[in-house]
Amino acid sequence: MTVRVRIAPSPTGDPHVGTAYIGLLNYAFAKKHGGKFILRIEDTDQTRCTPESAQAIYDSLRWLGLQYDEGPDVGGAYGPYVQSDRVKAGIYQRYADQLVNQGDAYYCFCTSRELDSMKARQRANNEPIMYDRRHRGIDMAEAKTRAANGEPYVIRMKTPIEGEFVYKDRLRKQATAKAWKEIDDQVLLKSDGWPTYHLAAVVDDHLMGITHVIRAEEWLNSLPKHIWLNEHLGFTAPEYVHVGLLRNADKSKISKRKNPTSLKWYQSQGYLSEALLNFLALLGHSHPDGIEKFSLDEMCRFFDLDRVNVAGPVFDMTKLRHMQGQYFRELSPERMRAEVHKSIDQRFNDLLPLFKERMAFGGDFVWQSEPFYADAVTHHADDLVPKGLEKAQSKMLLENTQAAIKRYIAGDNAVWDVPSLEALIRKLLEDRSAELPDATPEQQAQAKLWSPKNLFMLLRVAVTGKKESPPLFDTMVMIGQAKVIERLGLAQQKLR
RNA sequence: GCUCCCAUCGUCUAGAGGCCUAGGACACCAGAUUUUCAUUCUGGCGACACGAGUUCGAAUCUCGUUGGGAGUACCA
């Protein structure tokens, strides 16, 4: 039997580091056994999937060197490899109908409102939250008539009500056992006629000759449904293997709030794909001789699925960084040169538009952009005190602004771009300069300090060390939040 | 709430009943090299979650407790 494994990401958002992780495991397993590694795009959620995102997956996998033998943009004998194309071919509908005709699935006419109130009631009673199977016994002829009359419906699987589901995962000591009655009558075909993940994945894995499904443990709970589907569709089920989920430092499932998860991000930051891959390879798996640095090819030779850990490893950026350094310093002079060049170019391209209007010579860029490259800036105390202000007043303005920026960054969904920053600063000005009806003369005087004229110049000098610069907010964005905060602090020290 | 999964240094891991006073890597600390920094080298700190049981012997097997995670969608 030829090993055939797949990864089946959904093209929503940026390509995910978890996809790379599971991809690596599958790739290594396939290569180790002389099998095939396949990419399938699961875009059955019409509301969330985009073609750009699918393209980004192809690009990222190629960047990593996880080249698939079969897939949407490389073809293969089991295509199409994009589920939306397979929907159009009527593949899933056919199998859903088969189950209905066998009496293993049924039409359900519940509205989302109905389902919501069902859930609310169950939650209130501390009952398991699941579909109450109210349409399970629906008369087939009646159901078909209603459907034919245009009433929206879904197709649900008729899971057993008695007995137990038992499955032994090769990575787990004990078999998984679960009472069938706790397993939901899962929707297989949505009211838009498209399949859910469960139907689509099982059907495609069968049709594509997949022998082993190596996936993250978030799928473990739906395993009974998948095995059941295989059985009732008359398929020989692939072997399912569930590996641990990548985690944040707090052990929760890795998320972009707490970790960079976008493969595009790693690429743009200059991470070497070899380093990222090697780092990923060390999570949940290890070289039998304890070697920690190895190439993808080497990994494919020693990889052993039975040695994979099931506990979810914490994704530790610090160790990745170390690995990156190891690989980077070993780069050939040509490649190192190229990598450095890439970084310089990137920064340069971002910066150039800001200076476009204020240059007469190419050389102007060199001195004007200096604060954007420098680690720190030197402030002249005189420049930090706008005309008509006292030193202490300058300092107060800086302190308040720095605090406001810090608060903003600490909040959720803080975006560091020009509109947000401008909104933040303008709001600050507005709030502070607002005339209070019962303000004392001192308070009113304080409020007057908060003018754009005063604050903008002050910030410009604090952030760049110079009195002239590109537009303030563009400047702050490009210099970056960490340095902006640091320089605001340095300026305050200068005013002591 | 309900169901399932998991449990060795802060983190990634080695460890399949005696080779374990638990090994390696990252991080951290100290020292050496380096004009400085980085690199490199040396040393140090540091864990079998807890409690029973099985056994001559348990990190390794069993049970319980605790802790953590995931799932609970007409998302994947």
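Below, chains carry the letters A, B, ... as their sequence lines are ordered, and counting in each starts from 1.
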* To do: For rG71(B), take OP1 and OP2 only and decide whether either is under 4.0 Å from a side-chain N or O of K253(A).
  => yes

* If you look at every strand shown and take non-hydrogen atoms under 4.0 Å, does E292(A) touch a base, only sugar-phosphate, or nothing? -> base

* Asked: Going through the distances and angles, do K342(A) and E339(A) end up as a salt bridge (Lys or Arg N to Asp or Glu O under 4.0 Å)?
  -> CA-CA 5 Å; K342(A) 221 194 292 175; E339(A) 285 298 325; 3.3 Å; yes

* Using heavy atoms to find the nearest nucleotide of RNA chain B for P128(A) and S10(A) separately, return the residue whose nucleotide is more 5′. => P128(A)

* Asked: Starting at CE of M323(A) and ending at C1' of rG24(B), how long is that distance when rounded to a whole Å?
  -> 13 Å

* Out of rC74(B), rC12(B), rU39(B), whichever nucleotide has its closest atom nearest the side chain of K319(A) -> rC12(B)

* To do: Report which part of the nucleic acid E127(A) touches: base, sugar-phosphate, or nothing (heavy-atom distance under 4.0 Å, all strands).
  => base

* Asked: So does T318(A) get a side-chain nitrogen or oxygen closer than 4.0 Å to the phosphate oxygens (OP1/OP2) of rC26(B)?
  -> no

* To do: Give T44(A) one of three labels, base, sugar-phosphate or nothing, depending on what nucleic acid heavy atoms sit under 4.0 Å from its own.
  => sugar-phosphate

* **rA58(B) to rC50(B) separation - P atoms, rounded to the nearest Å** => 15 Å

* Structure fact -> Re rC56(B): Watson-Crick or G-U wobble partner, both distances kept under 3.5 Å, found to be rG18(B)

* Report which part of the nucleic acid N221(A) touches: base, sugar-phosphate, or nothing (heavy-atom distance under 4.0 Å, all strands). => base

* On the 0 to 90° scale, with breaks at 30° and 60°, tag the F235(A)-H206(A) ring pair as parallel, tilted or perpendicular. => parallel

* Under 3.5 Å, is there an N or O donor on one side and an acceptor on the other linking the side chain of K119(A) and the base of rA73(B)? -> no

* Asked: At under 4.0 Å between heavy atoms, what does R307(A) touch on the DNA or RNA strands: base, sugar-phosphate, or nothing?
  -> sugar-phosphate

* Answer yes if the ring centres of F294(A) and F302(A) are under 6.0 angstrom apart, and no otherwise. => yes

* Between the side chains of R321(A) and Y271(A), is a donor N or O closer than 3.5 angstrom to an acceptor N or O? -> no

* Asked: Hey, does N309(A) reach any base, or is it just sugar-phosphate, or nothing, if we go heavy atoms under 4.0 Å?
  -> sugar-phosphate

* **Between C1' of rA38(B) and CE of M336(A), the distance in whole Å** => 12 Å

* **Test of ring centre spacing under 6.0 Å for H135(A) and Y106(A)** => no

* Asked: So does Q326(A) get a side-chain nitrogen or oxygen closer than 4.0 Å to the phosphate oxygens (OP1/OP2) of rU40(B)?
  -> yes

* Whole-angstrom distance between rG1(B) and rG57(B), as gauged at atom P -> 40 Å

* Identify whether any heavy atom of V187(A) sits under 4.0 Å from a base atom; if not, whether one sits that close to sugar-phosphate; answer base, sugar-phosphate or nothing. => sugar-phosphate

* Touch check for G284(A), heavy atoms < 4.0 angstrom, all strands: base, sugar-phosphate only, or nothing? -> sugar-phosphate

* When rounded to the nearest Å, what value does the distance between C1' atoms of rG15(B) and rC20(B) take? -> 9 Å

* Structure fact -> Between R48(A) and L220(A), whichever has its closest RNA chain B nucleotide further toward 5' is L220(A)

* Would you say the ring centroid of F315(A) lies under 6.0 angstrom from that of F279(A)? -> yes

* Asked: Y197(A) has an atom OH; how far is it from atom P of rU72(B), in whole Å?
  -> 12 Å

* Classify the nucleic acid contact of R123(A) as base, sugar-phosphate or nothing, counting any heavy atom under 4.0 Å across all strands shown. => nothing

* To do: Please confirm whether Y197(A) and H226(A) have ring centers closer than 6.0 angstrom.
  => yes

* To do: Return the nucleotide paired to rC28(B): Watson-Crick means purine N1 to pyrimidine N3 with N6-O4 or O6-N4, wobble means G-U with N1-O2 and O6-N3, both under 3.5 Å.
  => rG44(B)

* **Sugar-phosphate only, base, or nothing, as touched by R172(A) at under 4.0 Å among non-hydrogen atoms** => sugar-phosphate

* Using atom P of each nucleotide, how far apart are rG10(B) and rC5(B) to the nearest Å? -> 27 Å

* To do: Could you check how far CD of Q186(A) sits from P of rU72(B), rounded to whole Å?
  => 9 Å

* Asked: How many Å lie between CG on L188(A) and P on rC75(B), as a whole number?
  -> 12 Å

* Options rC12(B), rC74(B), rU3(B), nucleotide nearest the side-chain atoms of E182(A) -> rU3(B)

* To do: Determine which nucleotide pairs with rU33(B), using a 3.5 Å limit on both distances of a Watson-Crick or G-U wobble pair.
  => none

* Tell me what A216(A) touches on the nucleic acid: a base, only sugar-phosphate, or nothing, going by heavy atoms under 4.0 Å. => nothing

* Asked: Under 4.0 angstrom, heavy atoms only, what part of the nucleic acid is C110(A) near: base, sugar-phosphate, or nothing?
  -> base

* **Phosphate-side-chain proximity, K251(A) and rA7(B), N/O vs OP1/OP2 below 4.0 Å** => no

* Whole-Å P distance, rA25(B) and rG71(B) -> 35 Å

* Would you mind classifying the nucleic acid contact of W219(A) as base, sugar-phosphate or nothing, using non-hydrogen atoms under 4.0 angstrom? => base

* Asked: To the side chain of T176(A), which of rC5(B), rC75(B), rA73(B) is closest?
  -> rC5(B)

* Pick the P atom in rA70(B) and in rA27(B), then give their distance to the nearest Å. => 28 Å

* Separation of the P atoms in rG53(B) and rA7(B), to the nearest angstrom -> 23 Å

* Structure fact -> From CD of Q93(A) across to P of rC74(B) the rounded distance in Å is 18 Å

* Does rU66(B) have a Watson-Crick or wobble partner in any strand here, with both distances under 3.5 angstrom, and which is it? -> rA7(B)

* Asked: Looking only at atom P, what distance separates rA14(B) and rC9(B), rounded to whole Å?
  -> 13 Å

* So among R170(A), R172(A), R215(A), which one has a side-chain hydrogen bond (donor to acceptor under 3.5 Å, both in side chains) with H242(A)? -> R215(A)

* Atom-to-atom span, CZ of R247(A) to P of rG10(B) - whole angstrom -> 17 Å

* Asked: Between the side chains of Y240(A) and N230(A), does any donor sit under 3.5 Å from an acceptor?
  -> yes

* **Options rC75(B), rU11(B), rA70(B), nucleotide nearest the side-chain atoms of D45(A)** => rC75(B)

* What does S252(A) touch in the nucleic acid at a heavy-atom separation under 4.0 angstrom: a base, only the sugar-phosphate, or nothing? -> sugar-phosphate

* Nearest-Å distance, CD (E114(A)) to C1' (rA73(B))? -> 16 Å

